[in-house]
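Written below as structure tokens is the structure these notes are about.
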Amino acid sequence: MKNRNGFTLIELSIVLVIIGLIVGGVLVGQDLIKAAQIRATVGQLEKYNTAVNTFHNKYNGIPGDLVNPLRFFPNITDSTGTLGNAGQGDGNDLVESISAANTLCANDDCVSGEAALFWYELAQANLIPDNITNADMGNVSFDPTAATSSAMPAAKIGKGNYITVNASEGMVGSTGLNYFVIWAIRSGSELNGFPNGTTGLTPIEAYQIDVKIDDGLPGSGTVLAVGFPPSVGPPIT
């Protein structure tokens, strides 16, 4: 009979154990990376809150909402004196977006007007490290999908998510509050400051952000999940 070489059961077991350790290590590494991104995003929101408070103490107003920011930030262009347009806020301590009809947006994904100028004025005041360079973002014709990186900061959680800001018009029980909004902005159609967006977070990621800042419940507290079924919308705080 000819000799036949092969693996013994012990050798096969060792190989399987090694493969299992490698797969387990990769999965654990991915979890650690995701956890780090969650922590970084939470820290990012906290830093922006601090920056807004500092801005308010220095300029006596909310970024984007200053009645005449040209006194402090002369690079802002197209100052028309109209509510929400570039260079002009209304001083009501709400960061509001504006539609082409010069009416307040009722959606959280509208980023023209004061909501667009919010980041530019924070950057001009050297209170955030993000490179926000578009000085004419407050105009109602501004297209955020064409200049996302110069319009708003990317969220540390990655996956195409950005952080916008808006007053909570249209949100049940929350009118009159300012919120940061985490969501993904895709290139494509845009009308009157409404970019083509999508949910950029999984329900688990949204929950992890919520539980680190708030109560872990999507429909209550200062961190909320908004969206339309079957999607779970981005957390906002």
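What you see is a predicted model; the values in this text were computed from it and never measured.
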Exercise. Same hydrophobic cluster for L217 and V211, using side-chain heavy-atom links shorter than 4.5 Å among ILVMFWY?
Worked result: no

For this session: Look up atom CD1 in I38 and atom CD1 in I157, then write down how far apart they are to the nearest 0.5 Å.
Result: 3.5 Å

Problem set entry | G61 versus L66, closest heavy-atom pair with distance | CA-CD2, 3.6 Å

Exercise. Has the side chain of D214 got a donor or acceptor atom that lies under 3.5 Å from a matching backbone atom of G216?
Worked result: no

Exercise. Can you name the closest pair of heavy atoms from A154 and Q44 and give their distance?
Worked result: O-NE2, 2.9 Å

Exercise. Going from CD on Q124 to CZ on F72, what distance comes out if it is rounded to the nearest 0.5 angstrom?
Worked result: 13.5 Å

Exercise. Taking the side chain from N178 and the backbone from I62, do they hold a donor-acceptor pair closer than 3.5 Å?
Worked result: no

Exercise. Y48 pairs by ring-ring contact (aromatic ring centres under 6.0 Å, His included) with which of F118, W119, Y179?
Worked result: W119

Exercise. Got a second to check how far D65's CG is from H56's NE2, nearest 0.5 Å?
Worked result: 8.5 Å

For this session: For the residue pair V165 and V181, establish whether any side-chain heavy-atom pair is separated by less than 4.5 Å.
Result: no

For this session: I would like to know whether K156 and Q37 meet side chain to side chain contact (heavy atoms under 4.5 Å, CB included); could you show each step before the answer?
Result: CA-CA 6 Å; K156 297 293 185 181; Q37 290 173 333; 5.8 Å; no

Exercise. Measuring from K212:NZ to R39:CZ, what's the distance to the nearest 0.5 Å?
Worked result: 6.5 Å

For this session: To the nearest 0.5 angstrom, please state how far the OG1 atom of T54 sits from the CG atom of L127.
Result: 6.0 Å

Exercise. In terms of heavy-atom contacts, does CZ of F55 have more than 12 from other residues, nucleotides or ligands at under 6.0 Å?
Worked result: yes

Seminar exercise, completed: Output for pair (D130 CG, I132 CD1), nearest 0.5 Å, gives 5.5 Å

Exercise. D215 and S220: which non-hydrogen atoms are nearest, and at how many Å?
Worked result: OD2-OG, 2.8 Å

For this session: Walk me through it: do I182 and I209 pass the test side chain to side chain contact (heavy atoms under 4.5 Å, CB included)?
Result: CA-CA 11 Å; I182 302 176; I209 292 176; 4.2 Å; yes

Seminar exercise, completed: Between L201 and N161, the two heavy atoms sitting closest are CD2-ND2, 3.8 Å

Exercise. Do L122 and Y59 share a hydrophobic cluster (ILVMFWY, side-chain heavy atoms under 4.5 Å, transitive)?
Worked result: yes

For this session: Flag yes if more than 12 heavy atoms outside I204 fall under 6.0 Å of its CD1 atom; otherwise flag no.
Result: no

For this session: Indicate the atoms forming the closest heavy-atom contact of A155 with I163, along with that distance.
Result: CB-CG1, 3.9 Å

Exercise. Near K47 NZ, under 6.0 Å, is it more than 12 heavy atoms from other residues, nucleotides or ligands?
Worked result: no

For this session: Please report the closest heavy-atom contact between P63 and V52, naming both atoms and the distance.
Result: CD-CG1, 4.1 Å

